[in-house]
Number of protein chains: 2
Amino acid sequence: MGIVDLVSEIPLFHGLHGEQLEEVVDIVADQTFGRGQPVFSEGEEAAGFYVVVSGRVKIFKLSSEGKEQILHFAEPGESFGEVPMFAGGRFPAHAESIEKSRIFFFPRAVFLELIEKDPSLAMNMLAELSMRLRRFTRLVEELSLKEVPGRLAAYLLYLNGRGDGSGDLELDITKGQLAGLLGTIPETISRILGKMSSLGFIRVRGRRITLLDRQSLEDLSAGGKFII
Amino acid sequence: MGIVDLVSEIPLFHGLHGEQLEEVVDIVADQTFGRGQPVFSEGEEAAGFYVVVSGRVKIFKLSSEGKEQILHFAEPGESFGEVPMFAGGRFPAHAESIEKSRIFFFPRAVFLELIEKDPSLAMNMLAELSMRLRRFTRLVEELSLKEVPGRLAAYLLYLNGRGDGSGDLELDITKGQLAGLLGTIPETISRILGKMSSLGFIRVRGRRITLLDRQSLEDLSAGGKFII
DNA sequence: CTTCTTTTTTGATCTAAGTCAAAGCGCACT
DNA sequence: AGTGCGCTTTGACTTAGATCAAAAAAGAAG
């Protein structure tokens, strides 16, 4: 598939016409990253921003003791690293490719020119940043106002919603990464999944999880407690 | 002071020329809110967004048990409530005026037209949302990766930076609100301030706080522990 | 000044979840 | 099939910080 087709499938560039699309294609740098390879580090000077074409990129913060809080997994079609483009300064978090990924890089200066000329590009970017703000709001809420069982229940329901909604789902990340995303540690995830299983809320076979009692999960997610 | 002057002082509208400024002024609704009065609630349908002219607005989430996590205090010149404008859907958090506040409201549809016509308005908005994303990133980091003493130390150093940097500072919010901002409760704030005092890091007289040992505060903020 | 209300502090207790350590599994690869 | 390495689970223990209750201070209002 040609670059133009790939670019035209990126939500950020939806609604762009042929000529503008060509301009975008002209400035893109096509990059490949292996599993575990960093795309950028927190505090680095930003020369531009990125869009995932294929693979997956983990966006995360690191504590002084090495604990990591995952902010987001950027999936194909999603952009990341735009904050310094518009706010100045440096990257506020780390980005690492967690599988073989193809990534488009857009240099800052040229892209800013494009966006200033093209209202629909600006609107798309505003929508993208707004959705990210909403996601962050939810993350803050979960970290601060819910206990770990509630966060985990919410995540399972979310995964179910993303999937076919049948109640059968497959974790697309390791439980360690899930812990990093939910602001906890693998042991805690393991214990809580065990508890959910023994209470009959779910059934776990490796990474396959079946939701058996959606109501109880909703209750947990809404702030309810386990009734031992 | 006329509306035009007030609008022209809002960072979001910097760089707009006379004619465009007039258009903005034409669509603004000038509103006043008393202390404790809600501006909007989470989940409400959004008809537009807001800018604080004077006073202060608390943006926050509420847990099912009534605990509140403050996301931000919007100060004069700052906008809030834009997410649904660009991402669709509803307000992701509550907004409440915590003192007598004058607030400009901008209706969604008309503002979207303006922004599509005016690249500098779009760029300003992109910058604003980006800075907010950066702030949220920091909030997530603090909630998830730092203990409460570290968050508090970071906040004191931040306040000192915002002020004259002399080491003398005055909390502009109650300690209860500070607790809500740092993801904890007033008792904990009280105890930690007490500990910091007894270790000679700070001196507290009501809301006036003097930083005595900045290095120790920096250490705490960077993840260090109290050495009893 | 006196009376209320709102904040702040202090003490005692409880608990969710982190830490440390050790098995146990499962998958990838020769 | 066997060998390793990374992932996951389990158990014992520790701890930061929440909860509950009550007193003390500090403001605000008459």
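First the proteins, then the strands, lettered A, B, ... as listed; each starts at 1.
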Open item on the list: Is a donor from one side chain sitting under 3.5 angstrom from an acceptor on the other, for A/Asn124 and A/Glu128?
Closed with: no
Open item on the list: Side chains of A/His94 and A/Glu68 only: does a donor on one sit below 3.5 Å from an acceptor on the other?
Closed with: no
TODO: Please determine which of A/Phe33, A/Tyr50, A/Phe49 meets the ring-ring contact (aromatic ring centres under 6.0 Å, His included) test together with A/Phe40.
DONE: A/Tyr50
Please report the distance, rounded to the nearest Å, between [atom1] in [X] and [atom2] in [N].
X        : N      : atom1 : atom2 : result
B/Leu171 : C/dT7  : CG    : P     : 14 Å
A/Ile189 : D/dT8  : CD1   : C1'   : 12 Å
B/Lys195 : C/dT10 : NZ    : C1'   : 15 Å
B/Leu178 : C/dT7  : CG    : C1'   : 13 Å
B/Glu65  : D/dT19 : CD    : P     : 8 Å
B/Glu142 : D/dG17 : CD    : P     : 13 Å
A/Lys175 : D/dG6  : NZ    : P     : 19 Å
A/Arg205 : D/dT9  : CZ    : C1'   : 18 Å

Task: Per-nucleotide protein contact string for nucleotides 14-30 of chain C, where B marks a base within reach and S marks sugar-phosphate only (heavy atoms under 4.0 Å, - for neither) - done: --SSSBB----------
Task: Footprint string (nucleotides 24-30 of chain D, 5' to 3'): B base within contact, S backbone only, - free, heavy atoms under 4.0 Å - done: -------
TODO: With the side chain counted from C-beta on, respond yes when A/Gln31 and A/Val39 share a heavy-atom pair under 4.5 Å apart, and no when they do not.
DONE: no
Open item on the list: Test your reading of the model: is there a side-chain donor-acceptor pair from B/Ser63 to the backbone of B/Glu65, 3.5 Å cut-off?
Closed with: yes
Open item on the list: Treating A/Ser64 as the side-chain partner and B/Ala222 as the backbone partner, does any N or O pair qualify as donor plus acceptor under 3.5 Å?
Closed with: yes
TODO: Could you check A/Leu193, A/Leu152, A/Leu169 and say which one makes a side chain to side chain contact (heavy atoms under 4.5 Å, CB included) with A/Ile202?
DONE: A/Leu193
- [ ] Could you walk me through whether B/Phe13 and B/Phe106 pass the ring pair (Phe, Tyr, Trp, His ring centres under 6.0 Å) test, one step at a time?
- [x] CA-CA 12 Å; B/Phe13 302 116; B/Phe106 299 87; 5.3 Å; yes
Task: salt_bridge(B/Lys61, A/Glu141) N-O dist < 4.0 Å - done: yes
